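Have a look at the structure below before the remarks.
Remember, it's a predicted structure, so these values are computed and weren't measured experimentally. Atoms within each ligand, like the ligands themselves, are counted from 1 in listed order.
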Amino acid sequence: MIDKARDLAADALFLDLEDACAPAAKAEGRKTIAAALNEGGFGTKTRTVRVNDWTTPWTYADVIEVVGNAGDNLDCLMLPKTRGATDVAALDLLLTQVEKSEGLEVGRIGLEIQIETSQGLLALESIATASPRIETIVFGPADFMASIQMKTLVVGEQPPGYDVGDAYHHILMSILMVARANELQAIDGPYLAIKDLDGLRRVAQRSAALGFDGKWALHPGQIEALNEIYSPRQHDYDHAENILDAYTWHTSQAGGHRGAAMLGEEMIDEASRKMALVVSAKGRAAGMSRTDVWQAPA
Ligand code: GLV
Ligand code: MG
């Protein structure tokens, strides 16, 4: 799996010491992960290791062994089941000490924080500012559903009997608000039915529409759909770039220094520019190119 992961078209990759690694395999897993990171070959992917949460006996050894043996070849640690700011502070302190003792650059390794309990969601504002290392907030739907005792076993889907909205809306929106307020990435978690691509699309589209930056893939077969869903649609990308060009021209001397102007049937102004910047940035990050380019009046 690790060998295959090196060439996949994902932006980021995490190697798991937590729930996908059996208790008896944790010690061996640390060695396998450190060796794989040191072997390299992951291209430009962000390389993350998920350590165990602080209620287990394993977190400290995960950090000491993985960062101690492969700290130069690792970008982030992911902390699951984050309960509050002290969980983050503890990881930051331990990481700092390992960096110092190993002669690594202090503070380079970032943190991805998983929110997957009611406690974590309620403490999210203080969690998000608990360490300057935090780069990303990740929703963990499976553990979260267990934590709030949601009456279903199908991760990410609406619980049977709930037919009046999206049972995840409050959770997703809360994570997104705190992520944006602190300039962090917001990432949606796994969809377990790996062969059900229609289901994956249905669930992914919800968080993508709200503004999430991406979603976990558990299997290579999920990557293409997710890359498409979290990128803008071609029409929207073209439109965003055209708004930026048209607004630049209309506000210039050639355009008569107009703050509000028409683009086709639509009025655009400074707020349109800000919305367009979001879509344009997502499209550029996904490597999209323009297919329909606005031309200034001759
Ligand atoms: C991921 O860790 C999840 O619990 O969904
Ligand atoms: Mg989990």
inquiry  = Could you tell me, atom by atom, which parts of ligand 1 come under 4.0 Å of a heavy atom of D143?
reply    = 3 (C), 4 (O), 5 (O)
Per-atom contacts, ligand 1 versus Q114 - under 4.0 Å to a heavy atom = 1 (C), 2 (O)
remark   = Quick look: E18 vs ligand 1, heavy-atom contacts under 4.0 Å, and the answer is neither
request  = Find all atoms of ligand 1 within a distance of less than 4.0 Å from any non-hydrogen atom belonging to P141, and give their numbers and elements.
outcome  = 3 (C), 5 (O)
inquiry  = Check whether F42 forms a cation-pi arrangement with R47 (NZ or CZ under 6.0 Å from the six-membered ring centre, at most 45° off the ring normal).
reply    = no
task = Output yes if D143 passes the N/O/S-under-2.8 Å test against the Mg ion (ligand 2); output no otherwise.
result = yes
Contact with ligand 1 for P80, non-hydrogen, under 4.0 angstrom = no
query = Among all protein non-hydrogen atoms, which one is nearest to atom 5 (O) of ligand 1, and what is the separation to 0.1 Å?
reply = A142 N, 2.7 Å
Spacing of OG1 belonging to T248 relative to CH2 belonging to W294, to within rounding of 0.5 Å = 8.5 Å
inquiry  = Could you check whether F144 and F139 have their ring centres less than 6.0 Å apart?
reply    = yes
inquiry  = Looking only at N, O or S atoms, which one in E116 sits nearest to the Mg ion (ligand 2)?
reply    = OE1
ask   = Does the separation of the ring centres of W216 and F14 fall below 6.0 angstrom?
value = yes
Atom pair CG/CG of L15 and L37 - distance to nearest 0.5 Å = 5.5 Å
inquiry  = Measuring from atom CD1 of I194 to atom CD of Q222, what distance do you get when rounded to the nearest 0.5 angstrom?
reply    = 6.5 Å
query = Just heavy atoms, cut-off under 4.0 Å: does W216 contact ligand 1 by side chain, backbone, both, or neither?
reply = side chain
query = Can you find a non-hydrogen atom of R50 under 4.0 Å from ligand 1?
reply = yes
message = What's the separation between atom OG1 in T82 and atom CD1 in I127, rounded to the nearest 0.5 Å?
response = 5.5 Å
